[in-house]
A.B. asks: 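Below you will find the structure I want to go over with you.
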Amino acid sequence: MAFNVVLQPSGLQFSATDDVSILKSAEIAGMALPYGCRGGSCGSCKGKLLTGQLEREDEDPFALSEDDRAAGFALLCVAKPRSDVTIEIAEVARLADIVVKTMPSRITTIERVAPDVVLVTLKLPAAEAFDFRAGQYIELMFKDGERRAFSLANPPHQTGSVQLQIRLAENSYSTRMFTEVLKERDILRFEGPLGTFQRNPDSSKPMIMVAGGTGFAPIKSMLDDMAYKGIEREVHLYRGSRDRTGLYLSQLPEQWTASLPGFKYVPVLSDATPACAWTGRTGFVHQAVLDDFANLSDFEVYVCGAPVMVDAARRDFAARGLPPEAFFADAFTPATTKK
Ligand code: FES
């Protein structure tokens, strides 16, 4: 059965059937709504139900708090219409020209850059263009049918190949694939680009970027993209890691300091040991931002990392005056690792 969906404040409308999510119906109608995990876990697709009824499933409390639910918010990637509905949500018109494709690629390098991180480079077919926005991700499609999502770490202007930063962990499917099964020159298909995490090109507000672990990947892509385009915005990069080894590719902040006027770098270790010989900031990375900024009302914030960090940042930065529309996040949820 089909229902009418009206988006506010734009007033745009589309038809949505009751067997797929509102997000999916919007995409079929050619409208780009914000999303990340597509599995009810990240909160990127949050919209406010103004009128009508939704069937709602699999909403992770991390992504949608009790207060959000009480205020009428729903996760549109896991909500289906049960009547005509009106929903308040901003569209992402600037992604309308991005085409999601299934691409073959060839693994050119698998390089260990930290005890628990490998950089994987995938060569793309010469004859086929692959366009994306800095901040987006792809889903690797393994031969056994498993899919895993990883942010693109290279900037869009570096064509011909894509780069991923993959965290290694015990009992992890992708760890086994990239340490035991796959090797250089193997073919790997992927779908992408996906997700709506990206820099707001219409803003000149100072940016605070918070990267936890391999959440550094999309942030790196955005900063490389800004340097390439000569974008001059004040940027404060807070990079969190357990210990010093997690600050891999450590030459990059120096390069950005040289190429991006207004770039400042604050590495933060949560579990520094004497072996780290660390004299810098310690503690939780989002707390370092709170320690440095009493008022966030004039900033835009871009956060990528574990859901617990993203959730704490969303809550605590809002309490410091950050407007909801100035908070951009990509949470590495279980659904992000298998959609
Ligand atoms: S919760 Fe809907 S896209 Fe992540």
Side-chain angles (χ1 to χ4, degrees), residues 5 7 14 16-50 54-82 85 87-96 98 100 132-133 135-140 147-152 191-198 200 210 212 214-215 217-218 301-315 318 324-325 327-339:
V5 179
L7 301 180
F14 58 94
T17 54
D18 59 4
D19 57 344
V20 297
S21 70
I22 299 263
L23 176 68
K24 184 78 185 164
S25 290
E27 288 171 346
I28 291 168
M31 278 167 225
L33 299 183
Y35 73 90
C37 68
R38 291 175 172 277
S41 305
C42 74
S44 300
C45 64
K46 196 160 59 179
K48 188 171 185 178
L49 182 66
L50 300 179
L54 295 174
E55 180 186 317
R56 304 162 63 158
E57 300 170 348
D58 299 330
E59 289 179 334
D60 189 316
F62 261 130
L64 197 73
S65 67
E66 277 306 315
D67 287 350
D68 283 340
R69 285 184 73 96
F73 286 97
L75 300 176
L76 302 187
C77 68
V78 288
K80 298 170 187 166
R82 283 290 167 261
V85 290
I87 294 168
E88 186 178 86
I89 189 168
E91 297 125 65
V92 192
R94 54 186 176 268
L95 279 177
I98 292 287
V100 179
F132 66 97
R133 298 278 190 271
Q136 290 193 283
Y137 68 84
I138 58 174
E139 276 187 15
L140 300 183
R147 295 167 74 111
R148 292 293 185 279
F150 296 98
S151 295
L152 293 157
E191 184 183 17
L194 299 165
T196 55
F197 185 55
Q198 59 173 320
N200 175 7
V210 184
T214 49
V301 175
Y302 295 78
V303 182
C304 189
V308 63
M309 187 269 277
V310 172
D311 199 48
R314 189 193 309 269
R315 182 192 61 231
E325 66 276 13
F327 183 83
F328 303 88
D330 186 4
F332 287 167
T333 63
T336 307
T337 56
K338 181 178 187 307
K339 292 188 168 63

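Indexing begins at 1, ligand by ligand and atom by atom, following the structure's order. Start at 1 with the first residue, then count along the sequence.
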A.B. asks: For Ser41, take its heavy atoms, then give the atoms of ligand 1 lying under 4.0 Å from any of them.
C.D. replies: 1 (S)
A.B. asks: Counting from 1, what ligand 1 atoms have a heavy atom of Gly40 closer than 4.0 Å?
C.D. replies: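 In order of number, 1 (S).
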A.B. asks: Within ligand 1, which atoms have a heavy atom of Cys45 less than 4.0 Å away?
C.D. replies: 1 (S), 2 (Fe), 3 (S)
A.B. asks: Can an N, O or S atom be found in Cys37 less than 2.8 Å away from atom 4 (Fe) of ligand 1?
C.D. replies: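 True for Cys37.
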A.B. asks: Any side-chain heavy-atom pair from Ser25 and Val5 closer than 4.5 angstrom?
C.D. replies: no
A.B. asks: Number the atoms of ligand 1 from 1 as they appear, then name those within less than 4.0 Å of a heavy atom of Arg38, with their elements.
C.D. replies: 3 (S), 4 (Fe)
A.B. asks: Backbone, side chain, both or neither: what part of Cys42 comes under 4.0 angstrom of ligand 1, heavy atoms only?
C.D. replies: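 The part of Cys42 near ligand 1 is both the backbone and the side chain.
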A.B. asks: Just wondering, are more than 12 heavy atoms of other shown residues or ligands nearer than 6.0 Å to CD in Glu66?
C.D. replies: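 Open: at most 12 neighbouring heavy atoms sit under 6.0 Å from CD of Glu66.
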A.B. asks: Salt bridge between Arg38 and Glu139, side-chain N to carboxylate O under 4.0 Å?
C.D. replies: no
A.B. asks: Look only at the side chain of Tyr137 and the backbone of Phe150, and say whether a donor-acceptor pair between them is shorter than 3.5 Å.
C.D. replies: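 Judged by distance alone, no pair lies under 3.5 Å.
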A.B. asks: Does Tyr302 use its side chain to pair, donor to acceptor, with the backbone of Asn200 at less than 3.5 Å?
C.D. replies: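 Indeed, once roles are kept as given, a pair shorter than 3.5 Å links the two residues.
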A.B. asks: Has Glu88 got a side-chain atom pairing as donor or acceptor with Leu50's backbone, closer than 3.5 angstrom?
C.D. replies: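 Not confirmed, Glu88 side chain does not pair with Leu50 backbone.
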A.B. asks: What do you reckon, does Gly36 put a non-hydrogen atom under 4.0 Å from ligand 1?
C.D. replies: yes
